[in-house]
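Only one structure is covered here, and it is reproduced in the block below.
None of the values given here were measured: they were computed from a predicted structure.
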Amino acid sequence: MLDELRARALIEQSRSECSPALLNEAYQVVKDLSTPPTLSNPKLSMEQASPELYVLISETSLDLSSPSRTEDQLVSSRIHLQELAYNCLQSFMSSKPSSDQFLARAYLAYATLACRWAEGRKGDGLVDAVLKALDFVMRALNLALESLPRYQFLVYNASVVYWRCSRPLQRKGYFQHILNSMPQMCDALMKLESEDVEWKSKYIIALARAYDFSDRSDDAGKLLQNAVGMMPNLSEETQVEIVRLLVHIDRAKGGAAADRIASSPKLGLFARLQKVKSGIISDDKVPEELEDLIKSSSEAGEFKVLAEVGRLCLLKGQTSCAQNAIKAIGGGKDAGMAVTVLTECTKAQLSVLSLGEEAEMYTRKMVDTRLDALSRLEKALPSAVRSKDANVIHEICSLAWSLCLPILQPNLRKQAKRVLQACCKALEDIDSPLHELRVQLYLEVARCDVADDLYAAAAVQVQKGLALDYFVPEDLIVEYKRPFDKHLNLMKKKLSMKMSLYSAPDRPEDKAMLLIEQARESKEAALRASLLDRAVGILSAVLTS
């Protein structure tokens, strides 16, 4: 009993002091208690360790090895702590545990571990790894549901772990893989007496989106209609999100379902805005509807609606309407950071559009105008991050990328580097599901780093890009399932050769590639010609052999 109490104290102390060493000591105590006595290792006490101690150690190991932990001793011990968690879970399962809360908690720990091991995988490998993690979560959920309300806390814990594990599949092209399990999790969460309606609504919105992307709009509509009773207890932002999603899902029927639950003028304005965005309003009536939205929003003092109308005007090609939206916002006080950022986006885009046909022509005026617009967005990006609105962050980063494209030339790319780096950081911090955009940003920042001879920094960007998975429709796939991997892998190989100061490439093709890269960077014509001649000679020898 004394040894077990000591082990429990060490576990608590290791958690409070963030000490892997104390946790290892606790594990050794439990392991010694679980080891049967032998002639070479006699035990003075017949005390046996409670199997639950293994679960407590595994949970603490996973907590200390969480990616969000940035303490030096924890970062350096992360792999060891995850191995410790796995060993503890294996020991616990070998003890033939009873079907109680500790078995459910062990399943949740397995799920967390499997999810972390899935990081960096792509395509089918990613899907298989995540589904394996979700299977453990569902085992824990089924155990918890057998003993409600006693294990109500386990249902909530399972919903948190499920959300973290399913995040890689909550995006376009992968939603269908979570439809076998998320409805059951959502139903279980709805049955809880917990007053955390915001968390429940988060599941409803995610599941509705999954249904919509899987062409099951009727199921999505029914699910959102069931959430109507929760509306009075939800935050204003969540109410807006539900109304807009319901309009989009009900687009085939004109979005009438949302009109019935838009209980306030603000919700009504957002519903009208979404109808234009989802294509419910016919193109010939769009200008009139946008002007009316600007007037109605201005009278109601709804600056967020005005800011979004301004962005939508440019999407629909209505520049004069966008200018009117900016004027309407101009007199507003305390409009909020999100409104300020969206307004800056509209002003930046209008400045480029004012060039007319010259916007795509390589003139000094075009370059200066785009760089000024990018500078405006770079200054607005910190406000977007502080607003903690993912949609606003996505909007400004997407616009920055589209404005950058014409100036991503070898002689101009460096001037866009800072804003591209800021976009990478902003999207990374919110774990944005816009993986394709993030990969392109990482690739361009890596190219900028290479131009500055920052090979180690470029290698980090390349690795981040290669770690992201993204969906490409099958009809657009030519050679690579993820087209940008072609460029990232080539850059990775080049960087590897450039950073290998003391080892020459083994393959003739790699030697030729290194010579070509050296020729590209050389400023002397004679040296360039010499290097290219050597590369041609090597490749010719390969072809003739």
- Query: Of all residues at least two apart in sequence or in a different chain, which pass the ring pair (Phe, Tyr, Trp, His ring centres under 6.0 Å) check with F175?
  - Reply: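 Listed in chain order: F213.
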- Item | Atom pair SG (C424) and CG (D429), whose distance is rounded to the nearest 0.5 Å |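 With rounding to 0.5 Å, SG (C424) is 11.0 Å from CG (D429).
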Using the side chain to side chain contact (heavy atoms under 4.5 Å, CB included) criterion, which residues pair with [X]? Sequence neighbours excluded.
X    : result
E146 : L143
Q152 : L148, P149, L192, E193
A85  : S58, S61, L62
C115 : A133, C165

- Just checking, is any N or O donor in the side chain of Q421 or Y442 under 3.5 Å from an acceptor N or O on the other one?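 Note: Q421 and Y442 side chains miss the donor-acceptor criterion.
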- Task: Could you tell me whether the side chains of R150 and S147 share a donor-acceptor contact shorter than 3.5 Å?
- Result: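 R150 vs S147: no donor-acceptor pair found between side chains.
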- Is it true that R8 and D3 have a side-chain N and a carboxylate O under 4.0 angstrom from each other?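 No, this pair does not count.
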- Item | Salt bridge E83-R78, side-chain N to carboxylate O under 4.0 Å |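 Salt bridge absent between E83 and R78.
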- Query: Are any side-chain N or O atoms of Q239 and backbone N or O atoms of M231, one a donor and one an acceptor, separated by less than 3.5 Å?
  - Reply: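 At least one qualifying donor-acceptor pair exists.
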- Item | Test applied, salt bridge (charged side-chain N to carboxylate O under 4.0 Å, His left out); reference residue, D452; option that passes from R413, R447, K417 |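 The single option meeting the salt bridge (charged side-chain N to carboxylate O under 4.0 Å, His left out) with D452 is K417.
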- Query: Could you give all pairs that pass the side-chain hydrogen bond (donor to acceptor under 3.5 Å, both in side chains) test and reach residues 14-23, with sequence neighbours left out?
  - Reply: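 Every pair satisfying side-chain hydrogen bond (donor to acceptor under 3.5 Å, both in side chains) with a residue in residues 14-23: Q13-E17, R15-T60, R15-D63.
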- Are I11 and E59 close enough that some pair of their side-chain heavy atoms sits under 4.5 Å apart?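 No. Closest side-chain heavy atoms not under 4.5 Å.
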